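We count ligands from 1, going down the list as the structure has it; atoms in each ligand are counted the same way. Computed from a predicted model, the values in this text were never measured in an experiment.
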Amino acid sequence: MTSASAPGKAILCGEHAVVYGRPALAVPIEDVRARATVEPHEADELHLHAPAMEFDGPLQAAAQDQPLRRAIELTLTEIEVETPSLRIEVQSNLPIAAGLGSGAAVSVALIRALSEHFEVPLPPQRQSELAFEVEKLHHGTPSGIDNTVIAYGQPVAFIRGAPPDLLKLGAPFHLLLADSGQSAPTALAVAGVRERRQQDYETYQALFDQVADISVKARAALEQGDTATLGPLLNRNQDCLQQIGVSTPELEALVAAAREAGARGAKLTGAGMGGFMLALVDETAVQEVEQALLRAGATRVLHTRVTP
Ligand code: PMV
């Protein structure tokens, strides 16, 4: 039996702008993970058990464009293994359609478990490339940031189409991740931005340029371990996201509550229109901000320490 896992992720800044070539920063979230287990199966079929995705049956019964099926088939082709007698189980405690990279984490966990099971381990770059193919099923034009940060498992400065630039954090920092409780398919949010950008190109270009400036400065702050500078940059990024049209009253309420309770900065994370927000907090403020987020309507709050 072979088991492998992959972390979730949070985009610190640059979501949406990254689709249009601007830089973005993302970090792995080690406390929430997808896990895949591969073991021999008596029956002559590949059996997939994925309770979180409500699938249990032969892989062939899944739609051809089902992301788990695609991840499994791509990996078997990559490592040149014929469809074998296998039982694959996928478990994940990552919220789905919430901006924490659930889809990419499940893909990377599957790619790792299968390739390790057949003793053809793949390097992070190849894991990322295969997961990117699967990401295209979730929404047509992914930037590739999710699969990159999750496959490398390190903080990354990401520009679409460029090799990943792995970051050395100057110091660990604490994030609170709060669920707005609204589910938010990335494809819808990305399509909405594309439509609005077509109608008002200049405004959106200017907004994306502002986000790029924020990402560049935030990168320097991260590398210096300077959360006093990073916090206000996250707030500025949230202003841009609000103008880009992907925030919601629920997310705004959580962002305001976090700031009032002492967070250094707060913003939505991921595609928006719901899903999660993040707050940068000093360790001493974790409890107070967490309570404030719950009072402001968060359906759950995760605390994570991002380490160099
Ligand atoms: O919500 P998520 O985790 O799928 O993140 C999407 C990030 C976007 O920038 C909105 C889209 C992308 O492909 O980068």
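In summary, the side chains of E116 and T2 do not present any donor paired with an acceptor at a separation below 3.5 Å, with no hydrogens or angles considered.
Residues passing the side-chain hydrogen bond (donor to acceptor under 3.5 Å, both in side chains) test with H49 are D56, sequence neighbours excluded. Annotation: side-chain hydrogen bond (donor to acceptor under 3.5 Å, both in side chains) contacts of Q125 (sequence neighbours excluded): E129. By the side-chain contact (heavy atoms from CB on, under 4.5 Å) test, I96 is found to be paired with S102, residues two or more places apart in sequence or in another chain being considered.
Under 4.0 Å is where a charged nitrogen must lie from a carboxylate oxygen, and between K168 and E223 no such pair does.
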Could you list, one pair per line, each nitrogen or oxygen of ligand 1 together with any protein nitrogen or oxygen closer than 3.5 Å, giving atom names and the distance rounded to 0.1 Å?
| unit_1 | atom_1 | unit_2 | atom_2 | d |
| --- | --- | --- | --- | --- |
| ligand 1 | 1 (O) | T186 | OG1 | 3.2 |
| ligand 1 | 1 (O) | A271 | N | 2.9 |
| ligand 1 | 3 (O) | K9 | NZ | 2.5 |
| ligand 1 | 3 (O) | D146 | OD2 | 3.1 |
| ligand 1 | 4 (O) | T186 | OG1 | 2.8 |
| ligand 1 | 9 (O) | H16 | N | 2.9 |
| ligand 1 | 13 (O) | H139 | NE2 | 3.3 |
| ligand 1 | 13 (O) | S143 | N | 2.8 |
| ligand 1 | 13 (O) | S143 | OG | 3.4 |
| ligand 1 | 14 (O) | S143 | OG | 2.6 |

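Test L233, L25, L230, I214 against R219 for side chain to side chain contact (heavy atoms under 4.5 Å, CB included) and you get one pass: L25.
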